[in-house]
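Read through the structure below, which is laid out as structure tokens, and then see the notes.
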Amino acid sequence: MKHNFRKIEGKWQQKWEEAGIFHAVDGSDKPKFYGLVEFPYPSGAGMHVGHIKAYSSLEVISRKRRMEGYNVLFPIGFDAFGLPTENYAIKTGTHPRKITDNNIAKFTDQLKKVGFSFDWDRVVDTTDEDYYKWTQWIFLKMFEHGLVFRSKALVNYCPSCKVVLSNEDSQGGKCDICHSDVIQKSKDVWYLKITEYADKLLAGLDDVDYPVNVKQQQVNWIGKSTGAFVNFTLDGIDEKLEIYTTRPDTLFGVTFMVIAPEHPLIDKYADRIANMDAVKNYRTECAKKTEFERTQLVKDKTGVKLEGIEAVNPVNGKKIPVFIADYVMMGYGTGAIMAVPAHDQRDYDFAKAFGVEIIEVIKGGDISVEAYAGDGEMVNSDFLNGYDNKKDSIARMIEELEKMGIGHAGVQFKMKDWAFNRQRYWGEPIPIVHCDHCGVVPVPYEELPLRLPNVENFEPGEEGESPLAKIESFVNCTCPKCGAPARRETDTMPQWAGSSWYFLRYIDPKNDDMFAALDKVKYWMPVDWYNGGMEHVTRHVIYSRFWHHFLYDLGLVNTPEPYAKRSIQGLILGPDGDKMSKSKGNVVDPLDIVDDFGADTLRTYIMFMGDYSAATPWNDNAVKGCKRFLERVSGFTDMISEDAETKKLETPFHKTIKKVSSDIEDMKFNTAIAALMTLTNDIYNLGKVSNEQVQIFAKLLYPFAPHLCEEIWEVTGGTGFLSDNSWPVYDEAKTVDAQTEIGVQINGKLRGTVVIPTGAEKEEVFAIAKADEKIASLVEGKTFVKEIYVPNRVVNFVVK
RNA sequence: GCAGGAGUGGCGGAAUGGCAGACGCAUCAGACUCAAAAUCUGACGAGGGUGACCUUGUGUGGGUUCAAGUCCCAUCUCCUGCACCA
């Protein structure tokens, strides 16, 4: 038959939809499989080829699982709150609701055209009030459990988007949305205490199947370090100056202290600081620097000495100077450090620049040249003298600090609490009321959802106030606690709120009483396999793990970890090898490929391009190659013959079933398709194939090219849909040929090949190899030192 | 600087320590055609030889092994993430 994709693709998509074959069944007796892909942000541009690649892996696996008898949940939805929509709304004067609805309709249509087997009955939309009601509900639960707090603090702020950003949203000192330089601004910020879950998020990684680099990145992001907190004192003032250090063993080498320019101690003792003008100037300069600039000047240490203030080293009573310098961050540890120039390079650079004393306490380096961070014998260190490794001396020092009551062991995390409010319209309203009498009051659960007011003007204020602040009818309310007039919180939640729990809503998308019923959660969770992008590893994945751990602690879900397994897809690059971008004009529109070559070709090509997890450039010619392959497969129906010759294909078929089955599980989609191409070549070489063999082939190719395979299945007399039929099984005995060609090496160099009966005994194989004319002539007159045989692979004769 | 990963034909990429380059693309030659496209057949790492074949070859330099793209040591390059984190 001809491969008329225009005719068959629409036909099968309609049939699948009418028959509802991709609907998951709650509580079925079959084993369950929950395959999850990251739901898209429905942008106006429509789908990108990257979306297709991201969904194709679990699409293939889900289709295979259904044939293997699983009850499959493979859902899709839309993560639709966010700035691009809001900005577009401001630009065009169209309401974000309308833009979102249009974009969702477009994405839905496109996803269906590609033939994804999503369960369209469970679609979620994070901007739907029946959905965000539960986002707000979980937020209130966190509030109730003390995981939400408000504080005025220096935060990452994007001057272009006019919003506060979390640490995760401003990686590399750039705004995640518009890539402008992020500045530090003092703002009222709502935080979620993700740091309270830092240890659980770290430990949980032991129980899940994530790629090593993903785990490593999360470990780095959480950034746990162990060390000690030590209280220094200020000379002549009854004030403690607490520092955090990972090297308490070097305490005798402390020659100065450094505090962050924003440290509160400076203002507290401003009257004692003789050079306050210089200090103020330095602080102003630091505030002007972007995070990026601050990290660029790694080499040049700057700072100002606090004249009139001296610290006292608690272990030896020595008076030491105190500096402010921007190499110490207010946001990490206590915002103050003890400086040990002899054994820390940053302190060393600073000491050299400011002429501070350097005292060696660990032997082994040359401190006239650089700081020494290695192990060695302790010197100049009182009771630590003679210790010769970090581990012992740290333990001994902490013991002493605790005994003296001036310090204790402690841990620190690089991860910071999650800045959770945005001064924007298109997000979930934060369900909090500010009352003059009662302070911060949560909106009662029964009043949820707290709806976004329908307004015309979405512009944020110049100083970064939320657009909601201008809407009197929204802002003015009564206090839920005392009934007095009060004001609503006008900030909204960040983009990542709705996606932190969406996989739970798929389980029970229409439930009005709960985000998802526990019995259904128990049936479906955890997600068996979650595929997505590397860019979400230190954002969405870590946020959603946090929320899920919290819900687990409340007993509302059955597992602490939401995702049993995580995989990552690589980028699709433009044909020129660069990242696809509108400005470079190298973007490939997947719908163009569907129109020109068909959805099956697009899907097959994307899975065949290369290693699934690697970045691979697009190649238009190779797309045509996949089209050609599918056309050859279509041709099988014209080659069907029921004669005995087709028995010759038995071994190739069993081999292919084996390889395709295992390659799909290993996400080696490219070699699975290559194996099917090889089998296709075998069939063409023979020129005939049995009806049953064509049907097996259709089943194997079905996850990749489902429309064509359903058509072949129908034409060859198959009953029902392929998803209702079983995945082919192979017979191990039939995966081997009767004869095998093996290589024959002499002294490790390939000198020829011989054909042996598969599985032949060693001695027989040696005999066959030695009988080979060419081999015989090459070994003539030599002595055999060693004879090696690797079964069905190679023979190696070592001769002299 | 720290962590993780990768270097294989013209290209995308295959190879449980056992015949390097599967499969696809591109290219070249041939068939079909008035011609082109499509399709089919064949060749296709490099160097040499009329030829069967020979030599060489997986970033670079060493090593282990009967045998190394694969393991070990060193080194270079590239990608990804984090980064003055005390």
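Proteins come first, then strands; the chains are lettered A, B, ... in the order of their sequence lines, and each starts at number 1. All values derive from a computational prediction rather than experimental measurement.
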Kindly give the atom pairs (protein nitrogen or oxygen, nucleotide nitrogen or oxygen) under 3.5 Å for nucleotides 44-53 of chain B.
none

Could you pull out the protein-nucleic contacts involving nucleotides 65-74 of chain B (nitrogen or oxygen on both sides, under 3.5 Å)?
residue : atom : partner  : partner atom : Å
B:C66   : O2'  : A:Asn796 : ND2          : 3.2
B:C66   : O2   : A:Asn796 : ND2          : 2.6

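RNA chain B is contacted by both A:Ile742 and A:Gly223; A:Ile742 maps to the nucleotide lying nearer its 5′ end (nearest heavy atom per residue). For the pair A:Arg632 and A:Gly743, nearest-nucleotide mapping onto RNA chain B gives the more 5' position to A:Gly743.
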What is the per-nucleotide protein-contact pattern of nucleotides 4-17 of chain B, from the 5' end, where B denotes a base atom under 4.0 Å from a protein heavy atom, S denotes such proximity for sugar-phosphate atoms only, and - denotes neither? S-------BSSSB-
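Judged purely by distance below 3.5 Å, without hydrogens or angles, the side chains of A:Tyr327 and A:Thr302 never pair a donor atom with an acceptor atom. Side chain to side chain, A:Gln217 and A:Asn213 fail the donor-acceptor criterion of an N or O pair below 3.5 Å. When only modelled atom types and interatomic distance are considered, A:His536 and A:Glu38 share a side-chain donor-acceptor pair under 3.5 Å. Inspection of the A:Asn681 and A:Arg632 side chains reveals an N or O donor paired with an N or O acceptor under 3.5 Å.
Between A:Tyr730 and A:Phe653, a ring centre-to-centre spacing not shorter than 6.0 Å is recorded. For A:Trp221 and A:Phe413, the ring centers sit 6.0 Å or farther from each other.
Nucleotide B:G24 holds its P atom 13 Å from the CG atom of A:Leu630, rounded to whole Å. One can place OH of A:Tyr684 at 15 Å from P of B:G42, the figure rounded to the nearest angstrom. Counting to the nearest Å, the P atom of B:C84 and the CE atom of A:Met329 are 5 Å from each other. Straight-line distance from the CE atom of A:Met534 to the P atom of B:C79: 16 Å, rounded to whole Å. We find that CG of A:Asp344 is positioned 6 Å from C1' of B:A86, with the value rounded to whole Å. Rounded to whole angstrom, the span from the CD atom of A:Glu242 across to the C1' atom of B:A86 amounts to 13 Å. With rounding to whole Å, A:Asn685 atom CG is found 13 Å from B:G42 atom C1'. One can place CZ of A:Phe629 at 19 Å from C1' of B:A38, the figure rounded to the nearest angstrom.
Ranking B:G18, B:C25, B:A3 by closeness to the A:Asn621 side chain, first place goes to B:C25. Of all nucleotides listed (B:A22, B:A86, B:G24), B:G24 comes nearest to the side chain of A:Met677. Looking at the side chain of A:Arg628, the nearest of the listed nucleotides B:A26, B:A86, B:U56 is B:A26.
Figure legend: A:Lys624 and A:Phe597 shown without cation-pi pairing, the cationic atom not lying both under 6.0 angstrom from the six-membered ring centre and within 45 degrees of its axis. Geometrically, A:Lys301 does not engage A:Phe354 in a cation-pi contact defined by less than 6.0 Å to the ring centre and at most 45° from the axis.
Taking only side-chain nitrogens and oxygens, A:Tyr244 never comes nearer than 4.0 Å to OP1 or OP2 of B:A86. Residue A:Lys749 places at least one side-chain N or O closer than 4.0 Å to OP1 or OP2 of B:U56.
Within residues 750-772 of chain A, the residues having any heavy atom under 4.0 Å from RNA chain B are, by residue number, A:Leu750, A:Arg751, A:Thr753.
With sequence neighbours left out, A:Lys668 forms a salt bridge (Lys or Arg N to Asp or Glu O under 4.0 Å) with no residue at all.
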ring-ring contact (aromatic ring centres under 6.0 Å, His included) between A:Tyr191 and A:Trp418: does it pass, once the steps are laid out? CA-CA 5 Å; A:Tyr191 287 101; A:Trp418 179 4; over 10 Å; no
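For the P atoms, the distance from B:C19 to B:A86 is 48 Å, rounded to whole Å.
Counting distance only, with no hydrogens placed and no angle test, the side-chain atoms of A:Lys301 and the base atoms of B:C84 include a donor-acceptor pair under 3.5 Å.
The residue A:Asn681 sits close only to the backbone: its heavy atoms come under 4.0 Å of sugar-phosphate atoms, none of a base.
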Dot-bracket for RNA chain B: what is it, with Watson-Crick or G-U pairs under 3.5 Å, [ ] where a pair crosses earlier ones, and | for a pair to another strand? (((((((..(((.....[....))).(((((.......))))).((((....))))..(((((..]....))))))))))))....
